[in-house]
Amino acid sequence: MLAHLPNAITVSRILLIPVFVLCFLEPTPYRSIVAAAVFGLAALTDAVDGYVARRWGQVTRLGKMLDPIADKLLVLTALFLLVDFDRVQAWVAIVLAGRELAVTGLRGVAAREGIDLTPETTGKVKMAAQVVAILFLILDEAVPGSLNFHQWGTAILFVSLALSLISAAQYIRQFVLQMLP
């Protein structure tokens with residue numbers, strides 16, 4: 001069982017998504033706090049699964065494929081819900097979703113060509129910024145307006161948008177450099 005722990009942690013992130021959705025669908029202050037806790041727990045598993053896999057020498061092809069998919073599902077689900085509740089502008093979610101689809105497609109082509117595109121620090125910082133922004137935006141209804149969680153969350157989300165585009169350019173650069181003779 002321990003041999004598959006990192007992948008089980010990744011799968012738990014995917015299984016927490018419907019729980020998050022159910023908690024968020026009726027965003028009362030209490031449910032916003034619960035939704036933020038579930039989202040935060042799911043996001044935390046992203047750090048834990050990778051750490052355990054590397055520490056215990058259990059990095060697998062399945063894990064390398066499943067981990068970014070779980071991240072994308074979690075973040076995009078949250079963004080689409082936040083759009084539905086008018087906390088995120090639709091174009092921001094569309095650009096972020098488009099970037100994720102493009103990078104996933106590029107990674108698929110790279111894998112078929114035998115090229116391993118390694119995540120760079122920018123992508124990890126982007127993910128952290130997205131998680132913080134989304135947490136602020138989820139908690140907007142649960143905290144006093146004077147804390148400006150909506151403004152802070154939106155500002156951090158725009159930072160993550162910029163990092164997202166930079167990270168995509170880094171993936172494209174890696175791919176092109178490895179494809180050149």
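What you see below is based on every heavy atom in this structure, not just the backbone, and it leaves out hydrogens, waters and symmetry mates. Remember, it's a predicted structure, so these values are computed and weren't measured experimentally.
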Value rounded to 0.5 Å, distance of [atom1] in [X] from [atom2] in [Y]:
{"X": "Arg99", "Y": "Lys126", "atom1": "CZ", "atom2": "NZ", "answer": "4.0 Å"}
{"X": "Ile156", "Y": "Leu161", "atom1": "CD1", "atom2": "CG", "answer": "14.0 Å"}
{"X": "Glu100", "Y": "Ser164", "atom1": "CD", "atom2": "OG", "answer": "5.5 Å"}
{"X": "Leu81", "Y": "Leu76", "atom1": "CG", "atom2": "CG", "answer": "11.0 Å"}
{"X": "Phe175", "Y": "Leu117", "atom1": "CZ", "atom2": "CG", "answer": "7.5 Å"}
{"X": "Ile14", "Y": "Thr77", "atom1": "CD1", "atom2": "OG1", "answer": "10.5 Å"}

### Task
Start with the C-alpha distance between Val38 and Leu22, add both sets of side-chain angles, then the distance that settles side chain to side chain contact (heavy atoms under 4.5 Å, CB included), and finish with yes or no.
CA-CA 10 Å; Val38 172; Leu22 289 173; over 6 Å; no
Honestly curious: do [X] and [Y] fall in one hydrophobic cluster under the side-chain, below-4.5 Å linking rule?
{"X": "Met127", "Y": "Phe80", "value": "yes"}
{"X": "Leu79", "Y": "Trp152", "value": "no"}
{"X": "Val143", "Y": "Phe24", "value": "no"}
{"X": "Leu177", "Y": "Ile166", "value": "no"}
{"X": "Ile94", "Y": "Val103", "value": "no"}

For [X] and [Y], work out which heavy atoms get closest and say how close.
{"X": "Pro29", "Y": "Ala142", "result": "O-CB, 3.4 Å"}
{"X": "Ser167", "Y": "Gly123", "result": "OG-CA, 3.7 Å"}
{"X": "Thr45", "Y": "Ala42", "result": "OG1-O, 2.5 Å"}
{"X": "Val52", "Y": "Pro6", "result": "CG1-CG, 3.7 Å"}
{"X": "Val34", "Y": "Cys23", "result": "CG1-SG, 3.6 Å"}
{"X": "Ala36", "Y": "Leu139", "result": "CB-CD2, 3.6 Å"}

Going by heavy atoms in the side chains, are [X] and [Y] under 4.5 Å from each other?
{"X": "Ile138", "Y": "Phe20", "result": "yes"}
{"X": "Gln130", "Y": "Asp71", "result": "no"}
{"X": "Leu96", "Y": "Leu157", "result": "yes"}
{"X": "Gln89", "Y": "Val83", "result": "no"}
{"X": "Asp67", "Y": "Asp46", "result": "yes"}
{"X": "Leu16", "Y": "Leu74", "result": "no"}
{"X": "Tyr171", "Y": "Pro119", "result": "yes"}

### Salt-bridge contact Glu141-Arg31 (side-chain N to carboxylate O under 4.0 Å)
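Salt bridge absent between Glu141 and Arg31.
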### Query
Around atom CZ of Phe85, are there more than 12 heavy atoms of other residues, nucleotides or ligands at under 6.0 Å?
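Atom CZ in Phe85 is crowded, with more than 12 foreign heavy atoms closer than 6.0 Å.
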### Message
Can you confirm whether Phe158 is buried at CZ, in the sense that more than 12 heavy atoms of other residues, nucleotides or ligands lie under 6.0 Å from that atom?
### Response
yes
### Query
Given Gln174 and Glu120, is the side-chain hydrogen bond (donor to acceptor under 3.5 Å, both in side chains) satisfied, shown in steps?
CA-CA 10 Å; Gln174 271 189 61; Glu120 297 196 26; 3.1 Å; yes
### Task
Could you tell me whether a side-chain N or O of Thr154 sits under 3.5 Å from a main-chain N or O of Gln151, the two making a donor and an acceptor?
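No, Thr154 side chain to Gln151 backbone: no donor-acceptor pair under 3.5 Å.
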### side chain to side chain contact (heavy atoms under 4.5 Å, CB included) assessment of Arg13 paired with Asp49
CA-CA 10 Å; Arg13 180 161 62 255; Asp49 63 1; 3.2 Å; yes
### Query
Under 30°, 30 to 60°, or over 60°: which ring-plane class applies to Phe149 and Phe136, parallel, tilted or perpendicular?
parallel
